[in-house]
Amino acid sequence: MNAGQVDYYAIDELLSEDERITQASVRSFIEREALPVIEGCHAREEFPRDLIRRMAALGVFGANLQGYGCAGLSNVAYGLMMMELEAGDSGLRSMGSVQGSLAMYAIWRWGSEEQKRRWLPEMAAGRAIGCFGLTEPDHGSDPGGMETRARRDGAAWILNGTKRWITNGSIADVSVVWAKDGETIRGFLVERGTPGFSAHDIKGKFSLRASITSELVLEDVRVPAANLLPGAEGLGGPFSCLNQARYGIAWGALGAARTCYLTALRYAQDRRQFDRPIAGYQLVQQKLVHMVTEITKGQLLAWRLGRLKDANTMRPEQVSLAKRANVAAALDIARLARDILGANGIVNEYPVIRHMMNLETVITYEGTHDMHTLILGRDITGLDAIR
Amino acid sequence: MKILVCVKRVPDPETVIKLTPEGASIVTDNVKWVINPFDEIAIEEALRIKEKAAGTEVVLLSIGQKTAQEQLRTGLAMGADRAILVLTDQVVEPLAVARVIEKLVGTEKPELILMGKQAIDDDSNCAGQMVAELLGWPQATFASKVVLGGDQKGAQVTREVDGGLETLAIPLPAVVTADLRLNEPRYASLPGIMKARKKELKEIPLAELGVDVAPRTRIVKLETPPKRTGGRKVGSVQELVQVLHDEAKVI
Ligand SMILES: Cc1cc2nc3c(=O)[nH]c(=O)nc-3n(C[C@H](O)[C@H](O)[C@H](O)COP(=O)(O)OP(=O)(O)OC[C@H]3O[C@@H](n4cnc5c(N)ncnc54)[C@H](O)[C@@H]3O)c2cc1C
């Protein structure tokens with residue numbers, strides 16, 4: 001097997017030439033540009049701003065969108081890109097997800113032509129950063145219960161409420177904010193510096209430390225009517241975006257899992273206890289075999305999901321299945337890898353503990369593991385266990 | 001002006017190489033393939049010249065199996081204009097490579113040929129020199145800096161030689177081979193990858209060129225480097241000198 005690769009089932013052969021080239025390019029970008037700095041960013045709880053600019057130059061943001069300065073990749077190529085970003089750090093993949101699949105996608109799918117022309121090329125080039133404000137302090141898994149309100153006032157809208165756990169919140173040039181107009185959920189573009197709008201970073205995170213997470217406060221924020229996303233009405237608006245992001249996460253988690261597995265494999269081959277490499281003991285082999293099996297299964301899930309998405313036949317429940325399965329597998333792999341590394345598993349000399357802590361976020365955001373269980377349970381039984 | 005850049009598909013340097021049982025070739029299943037790193041530097045240099053001198057065309061050339069399309073497509077994604085793949089399943093030695101390049105120079109008529117100083121698979125380090133010889137063109141090998149004259153009639157090339165640098169002035173057309181420190185190649189951008197799909201990649205069967213590519217050498221045996229063994233502690237400086245003299249035979 002190749003250094004740095006996990007392809008036990010020759011899945012590479014299922015990829016097209018440009019999909020392989022995309023993966024190779026993002027991969028060497030991450031190896032050369034991100035790996036030397038990411039551990040430090042994580043330790044200092046610092047957002048790698050410089051790296052983001054270079055990710056933009058590579059064409060990462062909104063890479064599977066068509067037009068408006070976006071690369072227009074296939075969804076499988078986009079997934080491979082997410083996998084390579086997250087092999088570096090879940091925070092980098094989060095940046096890609098929030099910018100591309102949540103903020104840009106919301107504008108691309110639901111925005112007016114004018115909004116698209118104004119924001120998408122700037123966001124693709126990384127000159128404008130976006131965020132996506134759906135979750136609130138009291139409404140996470142149940143965003144339909146949101147309390148943020150939008151009220152029409154002549155030619156403008158007035159927004160009031162609080163959003164929490166918002167990735168990129170304090171650095172965003174444009175925030176996609178979801179709010180209720182009466183009982184209807186609508187999306188608004190709130191620009192940085194709009195009076196009454198402020199963002200405050202959430203500190204003390206043990207997870208996704210190289211990513212910014214903020215609270216957005218909206219106090220009588222007045223936005224022009226032209227900033228309403230005209231196409232979106234109801235929960236279908238934000239959910240369509242989440243579906244895109246979850247798709248990317250199903251791939252991304254495999255990247256984190258791969259880094260952990262390869263680190264553990266190499267470590268186990270080198271580390272000797274009782275006069276033998278620990279990789280020679282059955283209990284350790286069982287863990288390594290479990291890891292490579294789960295990664296291989298996850299790759300096949302993600303690949304097939306991508307082909308369905310490219311064919312435009314992918315159902316949201318299929319995304320739930322892959323997000324749920326692959327993130328759980330990745331977290332499990334990270335924890336096992338941490339265990340194999342012994343004491344070295346808890347220091348940042350190795351990337352494992354960072355990935356492990358990051359994945360604790362990944363299993364919670366974009367629909368918790370259990371919410372996806374309930375979505376799938378409802379789909380296969382026809383009985384709703386969510387409420 | 002036109003720049004011809006030669007590109008070889010080689011195993012990723014990070015790949016763990018395994019030998020076939022008969023020991024004269026490597027196992028190629030499961031190997032990841034990349035552009036020869038020195039060729040990637042040559043592509044980058046061509047693209048930088050193109051960015052400065054409007055109207056420059058960068059043409060890539062590879063000789064090998066159909067799978068080398070992927071490396072050419074990567075070069076196109078980096079920004080080259082078009083590519084030529086000379087198709088063959090057989091092993092092509094440096095002299096044969098040089099003859100194929102010579103032949104294509106006849107039709108392509110580039111002013112500059114940029115190549116890697118060597119391919120990292122067989123490390124021959126002679127194709128560039130042979131091309132220059134066959135064409136009767138000046139050559140500047142191991143380039144660490146290339147400055148094209150404003151009139152595009154010549155170039156100044158800094159070479160890394162033992163213990164220092166040497167700067168040559170050469171008239172064009174010429175052959176320049178790239179060393180490691182010439183530049184740092186760009187990544188193929190994602191929009192670049194999409195654009196590359198529409199760029200021309202012409203395939204020419206080797207037989208159609210009428211070039212003598214018969215091998216002159218045969219690989220008798222390949223061996224992997226000996227496994228590294230752990231070091232040993234010596235008791236005194238005297239013993240160290242003794243061991244270096246008697247066993248290691250270095251002093
Ligand atoms: C680092 C980070 C970044 C984030 N970025 C963003 C962002 O950019 N934009 C954004 O809008 N949000 C973001 N989020 C928020 C994230 O989407 C929410 O945290 C997530 O939806 C879960 O909501 P909650 O934290 O309120 O948990 P809760 O909904 O309170 O859930 C707590 C627990 O209860 C369980 N639970 C809830 N309901 C049920 C039920 N019906 N049946 C059984 N179990 C149930 C859950 O599965 C979970 O285990 C981010 C979160 C983090 C940690």
Side-chain angles (χ1 to χ4, degrees), chain A residues 1-13 15-34 54-74 77-78 80-82 84-85 96 100 121 124-125 262 266 269 272, chain B residues 7 9-18 26-37 40-41 43-44 60 62 65-80 83 85 180 183-199 201 203 227-228 230:
Chain A
M1 181 84 38
N2 271 309
Q5 302 233 98
V6 182
D7 190 10
Y8 210 78
Y9 260 39
I11 291 162
D12 213 40
E13 289 173 12
L15 306 177
S16 73
E17 193 173 77
D18 21 285
E19 288 164 353
R20 278 199 293 268
I21 296 174
T22 301
Q23 182 177 18
S25 191
V26 179
R27 185 194 174 100
S28 52
F29 174 86
I30 290 295
E31 277 171 6
R32 283 193 260 162
E33 312 285 326
R54 275 175 279 158
M55 279 165 70
L58 190 63
V60 162
F61 300 132
N64 60 344
L65 301 179
Q66 300 288 339
Y68 307 98
C70 302
L73 297 183
S74 80
Y78 178 80
L80 291 161
M81 171 191 98
M82 293 308 230
E84 296 308 323
L85 293 180
L262 289 173
R266 223 167 299 134
Q269 286 168 325
R272 299 174 73 87
Chain B
V7 175
R9 174 179 165 94
V10 299
D12 185 331
E14 279 177 50
T15 295
V16 182
I17 296 291
K18 284 199 196 109
I26 64 165
V27 177
T28 52
D29 312 342
N30 244 321
V31 164
K32 193 172 159 269
W33 300 86
V34 297
I35 299 178
N36 174 39
E40 210 177 357
I41 294 171
I43 298 174
E44 176 65 32
L60 306 179
S62 189
Q65 295 181 323
K66 210 170 168 78
T67 44
Q69 274 184 353
E70 188 167 326
Q71 281 61 46
L72 289 174
R73 201 62 80 182
T74 304
L76 293 172
M78 287 169 74
L85 173 57
L180 190 64
N183 59 48
E184 217 180 292
R186 68 195 66 192
Y187 307 96
S189 78
L190 308 184
I193 292 168
M194 297 311 281
K195 273 190 212 122
R197 306 213 294 188
K198 296 191 194 84
K199 291 182 180 172
L201 196 164
E203 294 180 0
K227 262 215 161 79
R228 278 173 60 156

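Here the structure is a predicted model, which means the values were calculated and not measured. Chain naming here is simple, since letters A, B, ... match the order of the sequence lines and numbering starts at 1 in each.
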### Message
For A:Val26 and A:Leu58: C-alpha separation, side-chain torsions, deciding distance, then whether side-chain contact (heavy atoms from CB on, under 4.5 Å) applies.
### Response
CA-CA 8 Å; A:Val26 179; A:Leu58 190 63; 4.2 Å; yes
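Partners of A:Tyr68 according to the ring-ring contact (aromatic ring centres under 6.0 Å, His included) rule, which considers only residues two or more places apart in sequence or in another chain, do not exist here. Scanning for salt bridge (charged side-chain N to carboxylate O under 4.0 Å, His left out) contacts around B:Glu44 gives B:Arg48, B:Arg186, with sequence neighbours left out.
What you find for A:Gly59 and B:Pro191 is that their closest heavy atoms are CA-CD, 3.9 Å.
Residues of residues 71-78 of chain B that come closer than 4.5 Å to chain A, counting heavy atoms only, are B:Arg73, B:Thr74, ordered by residue number.
Contacts classified as side chain to side chain donor-acceptor pair (under 3.5 Å) and involving residues 188-199 of chain B (residues at least two apart or in different chains) are given here: A:Asp18-B:Arg197.
Using a 4.5 Å cut-off between heavy atoms, A:Ala10 does not touch chain B at all.
Looking at B:Lys66 and B:Glu203, a side-chain N of the basic residue comes within less than 4.0 Å of a carboxylate O on the acidic one, giving a salt bridge.
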